[in-house]
Amino acid sequence: YFRLLSDARVMGYVLASAFFYAGIFAYVAGSPFIYISYFHVPPQNYGLLFGVNIIGIMGANMLNARLVTKIGIERLFYWGNYITALSGIMIFVSAMTGYGGIFGIAIPLFLFTSMNGMIVANSVAAVMNFKPEQVGTASSLIGALQYGAGVISAALIGVLNDGTPKV
C-alpha cells in the first residue's frame with residue numbers, strides 16, 4: 001500500500017475516483033428527500049428521475065468503451081472529471097439560489113452521474129496500468145477508498161440535512 005499511496009499519479013486517479021463516489025453516494029442518500037419532500041415529486045415518479053441517470057451512466061459507459069482506444073484513458077478521465085466538476089458547480093449554484101428549480105438540480109445530476117464510466121473505469125484501468133505488479137493491491141485500495149468516501153458522504157448528508165437542498 002505504501003508504494004501506491006506514495007505515487008502521485010496513482011493517488012490522483014484514486015482520489016478523483018473516491019471523490020466521485022462521495023458525490024454518487026450523496027446523490028443516492030439525498031435525492032429522495034430533495035425530489036420527494038422538497039420538490040414534491042410523487043414517490044412513484046422518483047424512480048423515473050433516478051432511472052434517467054442510469055440511462056446516462058449506460059450511455060457514457062458505451063461512449064467510453066468506443067472512445068478509449070481512440071482518445072485514451074487519460075483524456076477521457078480528464079474530460080469526465082471536467083464535466084463532473086462543472087455539473088457539481090451547477091448543482092451547488094442551483095441549490096444555493098433556487099435557480100432552475102427541479103431542472104436546475106436534475107439536469108446537472110444527470111451529467112454528474114453519467115460520468116461514472118469515464119471516471120471510475122478509467123481510473124481503475126490507469127492505476128492498474130501504472131502498477132501491473134500490484135493489480136490486486138491497487139484494486140483493493142481504489143475500491144476501499146471509493147466506498148469509504150461514499151459511506152462518509154452519505155452519513156454527512158444524513159447528519160447535515162437542514163430541510164433544503166443546501167446540504
Side-chain angles (χ1 to χ4, degrees), residues 11-127 142-143 145-158 160-162 164-167:
M11 289 311 297
Y13 283 98
V14 168
L15 291 175
S17 184
F19 282 121
F20 178 77
Y21 259 70
I24 289 294
F25 274 59
Y27 158 68
V28 171
S31 65
F33 167 78
I34 298 302
Y35 286 140
I36 296 169
S37 298
Y38 188 79
F39 287 116
H40 307 292
V41 171
Q44 60 272 23
N45 292 345
Y46 169 74
L48 295 173
L49 287 168
F50 197 88
V52 166
N53 292 322
I54 302 303
I55 292 168
I57 292 169
M58 291 169 42
N61 276 319
M62 288 189 287
L63 181 63
N64 185 68
R66 287 181 182 260
L67 294 178
V68 74
T69 56
K70 295 175 184 155
I71 296 176
I73 290 171
E74 287 188 20
R75 281 175 97 189
L76 287 169
F77 175 78
Y78 290 127
W79 273 105
N81 279 288
Y82 177 77
I83 292 168
T84 298
L86 185 60
S87 61
I89 291 167
M90 292 166 56
I91 294 165
F92 175 77
V93 168
S94 181
M96 296 305 287
T97 65
Y99 182 76
I102 191 170
F103 296 107
I105 300 288
I107 292 170
L109 271 174
F110 173 81
L111 293 172
F112 186 96
T113 58
S114 295
M115 293 301 103
N116 184 328
M118 291 191 182
I119 294 173
V120 177
N122 290 327
S123 66
V124 172
V127 168
I142 201 166
L145 291 179
Q146 285 171 342
Y147 285 99
V151 167
I152 291 168
S153 74
L156 287 173
I157 292 295
L160 299 175
N161 184 351
D162 66 355
T164 71
K166 295 179 184 178
V167 174

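Between Y35 and F39, the two ring planes are tilted [angle within 30° to 60°]. F77 and Y13 have tilted rings, their planes meeting at an angle from 30° to 60° on a 0 to 90° scale.
Listed here is the closest heavy atom pair of N116 and N61: C-OD1, 4.5 Å. Scanning all heavy atoms of the two residues, the minimum distance from G88 to F112 falls at N-CD1, 4.4 Å. In this structure, S114 and A60 approach most closely via the heavy-atom pair O-CB, 2.8 Å. Listed here is the closest heavy atom pair of G101 and S94: O-OG, 3.9 Å. Smallest separation of non-hydrogen atoms from M118 and L76: CB-O, 3.8 Å. When all heavy atoms of P43 and I36 are compared, the pair lying nearest together is CA-CD1, 4.0 Å.
The distance from atom CG of L49 to atom CD1 of I105, rounded to the nearest 0.5 Å, is 12.0 Å. If you take CG on L109 and CE on M90, they are separated by 10.0 Å, rounding to the nearest 0.5 Å. Rounded to the nearest 0.5 Å, atoms CZ (F110) and CD1 (I57) are 9.5 Å apart. From T84, atom OG1 reaches atom CD1 of I119 across 3.0 Å, with rounding to the nearest 0.5 Å. The line from OG1 of T113 to CD1 of I54 is 7.0 Å long, rounded to the nearest 0.5 Å. Considering NE2 of H40 and CD1 of I102, their distance stands at 10.5 Å, rounded to 0.5 Å.
Taking the six-membered ring for Trp, Y27 and F50 have ring centres closer than 6.0 Å.
When the shell of 6.0 Å around CZ of F25 is examined, it contains more than 12 heavy atoms from other residues, nucleotides or ligands.
Side-chain contact check for S153 and Y21: no donor-acceptor pair (N or O, by modelled atom type) lies under 3.5 Å.
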Checklist entry - Should L67 and R75 be marked as a side chain to side chain contact (heavy atoms under 4.5 Å, CB included) after you check the CA-CA gap, both sets of side-chain angles, and the distance that decides it? => result CA-CA 10 Å; L67 294 178; R75 281 175 97 189; over 6 Å; no

Next on the checklist: Before you tell me yes or no, could you show the steps for L48 and V52 under side chain to side chain contact (heavy atoms under 4.5 Å, CB included), namely the whole-Å CA-CA distance, both residues' side-chain angles and the distance that decides it to 0.1 Å?
Outcome noted: CA-CA 6 Å; L48 295 173; V52 166; 5.6 Å; no

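Between the side chain of S123 and the main chain of V120, a donor-acceptor pair closer than 3.5 Å is present.
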